[in-house]
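The model shown is predicted, which means the values in this text are computed figures rather than measured ones. Every chain is numbered from 1 and lettered A, B, ... according to where its sequence line falls, protein lines coming before strand lines. The figures here come from the full heavy-atom set of this structure, side chains too, leaving out hydrogens, waters and symmetry mates.
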There are 2 protein chains.
Amino acid sequence: MYRIGELATACEVTADTLRFYEKNGLLSPSSRSDKGYRLYTDEDARHLKFILRAKAMGFSLTEISELLNIEASRSDWACADVKGMVEAKAAELQRKIDEMTRLRDSLQELADACCGGPESAIHCSILDTLETK
Amino acid sequence: MYRIGELATACEVTADTLRFYEKNGLLSPSSRSDKGYRLYTDEDARHLKFILRAKAMGFSLTEISELLNIEASRSDWACADVKGMVEAKAAELQRKIDEMTRLRDSLQELADACCGGPESAIHCSILDTLETK
DNA sequence: TTTGACCTTAGACTTAACTCCAAGGTTTAT
DNA sequence: ATAAACCTTGGAGTTAAGTCTAAGGTCAAA
């Protein structure tokens with residue numbers, strides 16, 4: 001059994017984060033000490049690691065909730081459900097990547113057209129472009 | 001002279017957004033009517049378009065404030081200053097793109113390893129991976 | 001003249017995922 | 001015995017960029 005600070009340190013999060021996860025239904029300690037201290041089991045710790053791994057993959061806490069639901073009753077779900085979530089997330093990331101790539105290219109074009117010298121910016125092509133495209 | 005609703009419609013933002021920009025020092029109308037209505041000039045409209053273009057390039061409102069300062073006194077700045085901001089922003093985007101690409105690849109790897117079939121998820125490789133990496 | 005569209009302000013609310021604080025109780029080490 | 005380190009709760013604050021509401025004033029058209 002781990003107290004909140006112990007689990008937090010072990011998993012490199014803060015105790016506040018663990019309380020936050022509990023409040024949001026992601027992870028509750030299996031029990032409490034007689035004085036009300038949260039007591040986490042190894043199973044709880046695995047649970048937390050699941051959450052942190054999913055977070056590292058880019059899932060939101062809401063999505064992680066769904067994943068935890070599925071994980072908790074795997075037999076109620078099909079592989080296709082899980083794969084669908086993962087692919088939807090990958091597609092969402094791809095859309096963001098595409099958008100950011102477009103922005104980056106625009107910025108690079110802007111920068112490339114600029115002399116970038118120590119002269120005054122009175123005739124700066126970047127500002128000109130922003131002013132009147 | 002445009003009233004707030006007119007300028008908003010013309011530039012496809014809301015009147016609330018214009019008031020918000022004013023409160024945050026990005027764009028103030030050149031004058032007010034005798035009854036206190038905001039009155040924007042063509043110059044104000046160009047100002048707003050500058051803001052919207054910079055926003056479309058991925059700049060935050062804080063960064064746009066800086067750009068507007070530079071724009072307002074171009075001779076006080078060097079081309080290198082402006083180019084530096086643009087390149088820094090491009091680099092920041094690149095870092096985000098790299099990170100998201102990494103995440104997307106991880107997700108794709110996860111998805112590719114999953115049968116994705118209609119069978120129960122009891123032996124789902126995705127859940128297994130999240131549970132014990 | 002009265003309805004509807006427009007404008008004003010101050011200030012609260014939104015989202016996500018924490019983070020911090022106050023006021024107090026518990027445990028551990030010296 | 002006492003101080004440090006830990007724990008509890010409830011609730012407020014953070015960030016970005018708006019968005020919405022209330023309560024009221026103004027203006028144009030029928």
ask   = Linking Ile, Leu, Val, Met, Phe, Trp and Tyr through side-chain heavy atoms less than 4.5 Å apart, which residues share a cluster with B:M1?
value =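 Same cluster as B:M1: B:L39.
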ask   = In the hydrophobic clustering that connects Ile, Leu, Val, Met, Phe, Trp and Tyr at side-chain heavy-atom distances below 4.5 Å, which members other than A:I122 occupy its cluster, ordered by chain and number?
value =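 So far as hydrophobic clustering goes, A:I122 is joined with none.
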Expected output: side-chain A:R53 to main-chain B:E131 donor-acceptor under 3.5 Å =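 The answer is yes, because a donor-acceptor pair under 3.5 Å joins these two groups.
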message = Please check this pair: side chain of B:D81 against backbone of B:A78, looking for a donor-acceptor N/O pair closer than 3.5 Å.
response =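 Present.
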Can you list, in residue-number order, the parts of [range] that come under 4.0 Å of DNA chain C, counting heavy atoms only?
{"range": "residues 50-71 of chain B", "result": "none"}
{"range": "residues 13-30 of chain A", "result": "A:D16, A:T17, A:F20, A:Y21"}
{"range": "residues 33-43 of chain B", "result": "B:G36, B:Y37, B:R38"}

Before accepting this row, confirm whether a basic side-chain N of the pair [X]/[Y] lies closer than 4.0 Å to the acidic partner's carboxylate O.
{"X": "A:D16", "Y": "A:R19", "value": "yes"}
{"X": "B:K96", "Y": "B:E92", "value": "yes"}
{"X": "B:R46", "Y": "B:E71", "value": "no"}

Nearest-0.5 Å distance that lies between atom OG in A:S106 and atom NZ in B:K89 =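 A:S106 OG to B:K89 NZ: 13.5 Å, rounded to 0.5 Å.
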Would you please say whether a donor-acceptor pair under 3.5 Å links the side chains of [X] and [Y]?
{"X": "A:D98", "Y": "A:T101", "answer": "no"}
{"X": "B:T17", "Y": "B:T14", "answer": "yes"}
{"X": "A:D44", "Y": "A:T41", "answer": "yes"}

query = Is the closest side-chain heavy-atom distance between B:F50 and A:L127 below 4.5 Å?
reply =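 Sidechains of A:L127 and B:F50: in contact.
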Neighbour count >12 (heavy atoms, 6.0 Å) for atom CD, B:E109 =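 Check fails, neighbour count at 12 or below.
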ask   = How close or far is atom P of D:dA28 from atom CD of B:E6, stated in whole angstroms?
value =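 After rounding, the reported distance stands at 11 Å.
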inquiry  = Expressed as a whole number of angstroms, how long is the span from B:L48:CG to D:dG18:P?
reply    =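 Between P of D:dG18 and CG of B:L48: 11 Å.
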ask   = When you list every nucleotide of DNA chain C with an atom under 4.0 Å from a heavy atom of chain B, which one comes first 5' to 3', and which comes last?
value =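 With heavy atoms of chain B under 4.0 Å away, the range is C:dC6 to C:dT9.
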